[in-house]
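Worksheet: the structure to be examined is printed underneath.
Every chain is numbered from 1, with letters handed out A, B, ... down the list of sequences.
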Amino acid sequence: MTLIIILRSFEGTRSTDDVDVAIFPARQKTEIPKENPQHDVIDRGQATSSTQDGASASPREPLFAVVLREVATDRERAASSTLDGASATRNFGYLPGEVTADRVHLALEHDINPFTNQPHTAQYKKILEGRKTLPVFAHMAEFYKIFNKHQIIIMIGETGSGKTTQIPQFVAYSDLPHTKNKIVACTQPRRVITTSVAERVADEMDVQLGKQVGYSIRFEDMTEPGTTFLTYMTDGILLREAMHDPDLSRYSTIILDEAHERTLATDILMGILKTLVQRCPDLKLIIMSATLDTLKFQKYFTVSGSTPVPLFKVSGRTYPVEVFYTQEPEPDYVEAAIRTVLMIHCAEEPGDILLFLTGEVEIEEVCRKIKLEADDLINFDPMSVGPLMCIPLYSSLPRQHQQHIFDPPPKAICPNGPPGRKVVASTNIAESSLTIDGIVYVVDPGFSKQKVYNPRIRAESLLVSPISKASAQQRAGRAGRTRPGKCYRLYTENDFISELEEQTHPEILRSNLANIVLILIKAGMKDLIRFDWVDAPAPETLMRALELLNYLAAVDDDGNLTALGSIMAEFPLDPQFSKMLIVSPELKCSNEILTITAMLSVPNVWLRPSNKLKEADAAKALFTVPGGDHLMLLNVYNRYIQNQRDKNWTWVHYLSASALLQAVNVREQLEQTMGRFELAVVSMRDQREMSLAIKQALCCGFFMQVAHMVGGMGDYMTMKDNQACYLDLRGATALHPSCGLDTQPEWVIFHEFVLTTRPYIRTVTDVRPEWLLEYAPLYFDLKNWPDGETKRALIRVMMRA
DNA sequence: GAGCACTGC
């Protein structure tokens, strides 16, 4: 078994990467030092407007019409040598890869849009004037000097430098992708930014969105093949494309933006592109990042022995932020945060406050307390303290509630009274995804919830952990977007310097990689140990991923992709789900499995507002079905469809309308993928038969997420892996209280393992052990199991059969 | 008898 050898070789190189959870030293009280504050002034970029040189051109001649002709003649010249080089001068030197900033300025000032040959609209000039004030714009000449000469560039562009909108346009002028049927791509980690930036750039280039400039995100392709030459896309989309076309041959230049965020997809793309650029000398690559880990990228992309990949730096345009630290560590950051907010409210100039917390419950609690305290202050002294409004912000908050962060601060209570102030208490969503205008003060306790993956128990879980220096800097920066601001860090400067990691651990070191490994194998990269990772994941994580894929029969014992695995890779899902979907037509329940998969792929649909807990639980109980939580999700979805996806209906039943709508979209997309492989969408009439079939399908995908009740007291043992199925109850878990089962079945399949007040399994359905033995004989090969209650139970099941 | 940080295909 080669797979075993591959796995062994992982074991041999093991350097398990346990995530450090350093907690700040405990201590007594907080003081915000007002005198002698520590300054941490954030670089203020200059807004320099570019200067135009005197290169003259007849203003009416369409420039790119000339370019197109020139390129054509260039090709002819190469073919027949009938033309001399003079034409290049006549046509302002527009040759791919040879353009200069002077020429581009000329084109920008021209009356005719070179990309459409239409006269520019009135708004074009107006927008152009704005663009000229962006810091990046002043560095155009420098950019072309580097870009024309090098295949790879690392760009450091701080917040507000304009890199995301301008650099792809600069590239387009140099690559002239439309003249050679190529595309310039710029990836983003998030969908909203992708679409809004594309829209902005289409305006700047004076073209219609979806024509020359477009975007591509899941569920929405706003591009026109043959016309679009600049595409903004999410990194996941490009990764999917790389799976099908490892040469990414459509592209002339690929720009990976926000590389410092180190999303899974961007990390893998960096690995793929590093080898790809060596193979394809015509492909250019720009890595754009906001922080100084660009040196790491530079080192990574520089092939040993050759000259270093050039760095191109443009400073940002933000206002200085003064940073304060506490003199002593804070024993209770929540309490300290409340005190700091109130202190700012009483003592500081008008300006809104952004407070970073870790999760929904904490945020709601803090908002409630701040409101109580602020009301007390007003009652006590209405003439010196203004009203304070505290707004929660986290992603599962319904959209219309999220909108409140844009509300103006409350008005003064009496005509000459002190003005009101707005506090936004937010999760990390406000660190990079959402920008709130008017924030002048940031309160940063220094923690966030972070995903950690423990390959040994195969579980991802969320842990409240200290943030990184980079993250703290990002949070502070949020105070300086509209005017100079202040950031109060609720930890000591010493802790900042010595306790915080430089960067947040990249996602790839904190995730289950089964999905990624399948994509890489499908893209032809079988040798995962030698894959050139920016940061290599723990060998054990890779081993677990390969092992899972092998159990699911997606890869064979030699580590080769099977026919089944090849189809599985096409689904935008974890491999357990795709396996389950692919077998479901045989079990005559693919219609239902599609729905269950969609429901489990979107955020939690159950709303539970803190002031309506009982009502929400009662509403949820109405959806209960005997079979378990998976069938309950199916029931909710079907009722949602029966009720014409009515928002009102979702509201009265305490269901998330947006999550359900997402489920509809996901389901549609999965159904399309099923269709591509002629997997039928079928149902059974008999309800009892059907629920049995659904549970069997669940077993086909999730046989590794089985728990067995031991001891009869509601303690369950999860089967972490063949080796660790001990009687030891330290590993015992329980059904989560949200579970809809009214009994405690002996064998269950669970969707999530959560670590909160204790280990829980959530979203649970009872199954029969004989199905497990039937559908996953490889995994349940008892020869390899240690003795124990679970093994004995399984042997009894075998004997019965 | 609890609590889903945040993205992405």
Side-chain angles (χ1 to χ4, degrees), chain A residues 187-194 216-221 233-244 258 261-269 356-365 393-397 426-434 447-452 460-465 467 471 504 506-508 510-511 515-516 518-519 522 568-575 577-578 598 600-610 613-614 616-617 620 656 659 662 665-666 669-670 672-673 714 734-739 751-752 754-763:
Chain A
T187 68
Q188 296 293 324
R190 281 169 292 278
R191 279 192 241 162
V192 226
I193 307 222
T194 308
S216 187
I217 60 175
R218 187 181 189 182
F219 308 128
E220 205 183 349
D221 184 8
M233 56 177 75
T234 40
D235 49 9
I237 290 264
L238 190 63
L239 181 57
R240 284 265 143 192
E241 194 173 336
M243 181 177 88
H244 292 117
E258 314 289 357
E261 289 197 24
R262 303 293 305 275
T263 64
L264 257 178
T266 296
D267 255 36
I268 301 293
L269 281 168
F356 285 101
L357 293 168
T358 64
E360 174 179 341
V361 178
E362 192 176 273
I363 285 170
E364 294 289 355
E365 177 76 4
L393 177 64
Y394 42 87
S395 77
S396 61
L397 198 68
S426 170
T427 60
N428 257 4
I429 194 172
E431 195 179 297
S432 52
S433 304
L434 255 170
F447 291 97
S448 71
K449 274 191 190 163
Q450 285 164 36
K451 188 172 73 181
V452 288
E460 287 179 345
S461 41
L462 288 170
L463 268 184
V464 173
S465 323
I467 60 171
S471 197
T504 310
E507 198 184 358
I508 198 163
R510 300 183 281 122
S511 308
N515 209 0
I516 290 293
L518 184 61
I519 288 176
K522 171 119 186 184
M568 281 167 64
E570 296 291 328
F571 286 92
L573 295 169
D574 274 342
F577 281 115
S578 35
L600 290 172
S601 306
V602 298
N604 187 12
V605 296
W606 312 106
L607 294 181
R608 236 173 148 250
S610 48
L613 294 179
K614 277 210 172 115
D617 288 349
K620 183 177 177 182
S656 160
Q662 285 179 62
N665 283 327
V666 172
Q669 191 189 34
L670 296 176
Q672 274 171 22
T673 311
L735 301 186
H736 193 272
S738 67
C739 172
H751 181 242
E752 275 177 298
V754 288
L755 252 172
T756 48
T757 49
R758 64 162 296 179
Y760 282 112
I761 47 178
R762 194 159 51 187
T763 314

May I have the distance from A:E241 (atom CD) to B:dG8 (atom C1'), rounded to whole angstrom?
-> 16 Å
Atom CG of A:L463 to atom P of B:dC4: distance rounded to whole Å?
-> 12 Å
Not counting sequence neighbours, which residues clear side-chain hydrogen bond (donor to acceptor under 3.5 Å, both in side chains) with A:S601? List them please.
-> none
Spacing between A:H751 atom NE2 and B:dC4 atom C1', to the nearest angstrom = 12 Å
Ignoring backbone atoms, test whether A:R191 places a side-chain nitrogen or oxygen under 4.0 Å from the OP1 or OP2 oxygen of B:dC9.
-> yes
Looking at every strand, decide which applies to A:P603 at a 4.0 Å heavy-atom threshold: base, sugar-phosphate, or nothing.
-> nothing
For the pair made of CD1 in A:I193 and P in B:dC6, what is the distance, rounded to whole Å?
-> 15 Å
For A:R190, answer base if it contacts any base atom (sugar-phosphate contacts may also be present), sugar-phosphate if it contacts only those atoms, and nothing otherwise; contact means non-hydrogen atoms under 4.0 Å.
-> sugar-phosphate
Closest to the A:S433 side chain: B:dC9, B:dC6, B:dC4?
-> B:dC6
May I ask you to say what A:L239 touches in the nucleic acid, namely base, sugar-phosphate or nothing, with a heavy-atom cut-off under 4.0 Å?
-> nothing
Side-chain heavy-atom pair A:T187, A:T234 within 4.5 angstrom cut-off = no
OP1 or OP2 of B:dC6 under 4.0 Å from side-chain N/O of A:T427 = yes
Can you find a heavy atom in the side chain of A:L434 that is under 4.5 Å from one in the side chain of A:L393?
-> yes
Tell me: CD of A:E360 to C1' of B:dC6, nearest whole Å?
-> 14 Å
Between A:Y394 and A:E364, does any side-chain donor sit less than 3.5 Å from a side-chain acceptor?
-> yes
Indicate, with a heavy-atom threshold strictly under 4.0 Å, whether A:D574 touches base, sugar-phosphate, or nothing.
-> nothing
Below 4.0 angstrom from OP1 or OP2 of B:dC6, is there any side-chain N or O of A:S395?
-> yes
Using whole Å, report how far CD of A:E362 lies from P of B:dC6.
-> 12 Å
Rounded to the nearest Å, what distance is computed from the CD atom of residue A:Q662 to the P atom of nucleotide B:dC6?
-> 13 Å
What nucleotide among B:dG1, B:dC4, B:dG8 has an atom nearest to a side-chain atom of A:P737?
-> B:dG1
Which part of the nucleic acid, if any, lies within reach of A:F571 when heavy atoms closer than 4.0 Å are counted: base, sugar-phosphate only, or nothing?
-> nothing
Keeping the roles fixed (side chain from A:E507, backbone from A:L264), state whether a donor-acceptor pair exists under 3.5 Å.
-> yes
Hey, does A:L735 reach any base, or is it just sugar-phosphate, or nothing, if we go heavy atoms under 4.0 Å?
-> nothing
Options B:dC9, B:dC6, B:dC4, nucleotide nearest the side-chain atoms of A:L462 = B:dC4
Of A:V754 and A:I519, the one whose closest nucleotide on DNA chain B sits nearer the 5' end is A:V754
A:Y394 vs B:dC4: side-chain N/O to OP1/OP2 distance below 4.0 Å | no
Is a salt bridge present between A:E261 and A:R190, judged by a nitrogen-to-oxygen distance below 4.0 Å?
-> yes
Among B:dA2, B:dC4, B:dG8, the one nearest A:N604 by side-chain distance | B:dC4
Rounded interatomic separation in angstrom, taking CG from A:L434 and P from B:dT7 | 8 Å
Those residues at least two apart in sequence (or on a different chain) that pass side-chain contact (heavy atoms from CB on, under 4.5 Å) with A:R762 are A:H736, A:S738, A:E752, A:V754
Identify which nucleotide among B:dT7, B:dA2, B:dG8 has an atom closest to any side-chain atom of A:E507, counting heavy atoms from C-beta outward.
-> B:dT7
Which part of the nucleic acid, if any, lies within reach of A:I429 when heavy atoms closer than 4.0 Å are counted: base, sugar-phosphate only, or nothing?
-> sugar-phosphate
Between B:dC4, B:dC6, B:dC9, which one does the side chain of A:K449 approach most closely?
-> B:dC4
Check whether any side-chain N or O of A:T234 sits under 4.0 Å from OP1 or OP2 of B:dC9, and answer yes or no.
-> yes
Where each residue is assigned the nucleotide of DNA chain B containing its nearest heavy atom, which of A:R758 and A:G236 is assigned the position nearer the 5′ end?
-> A:R758
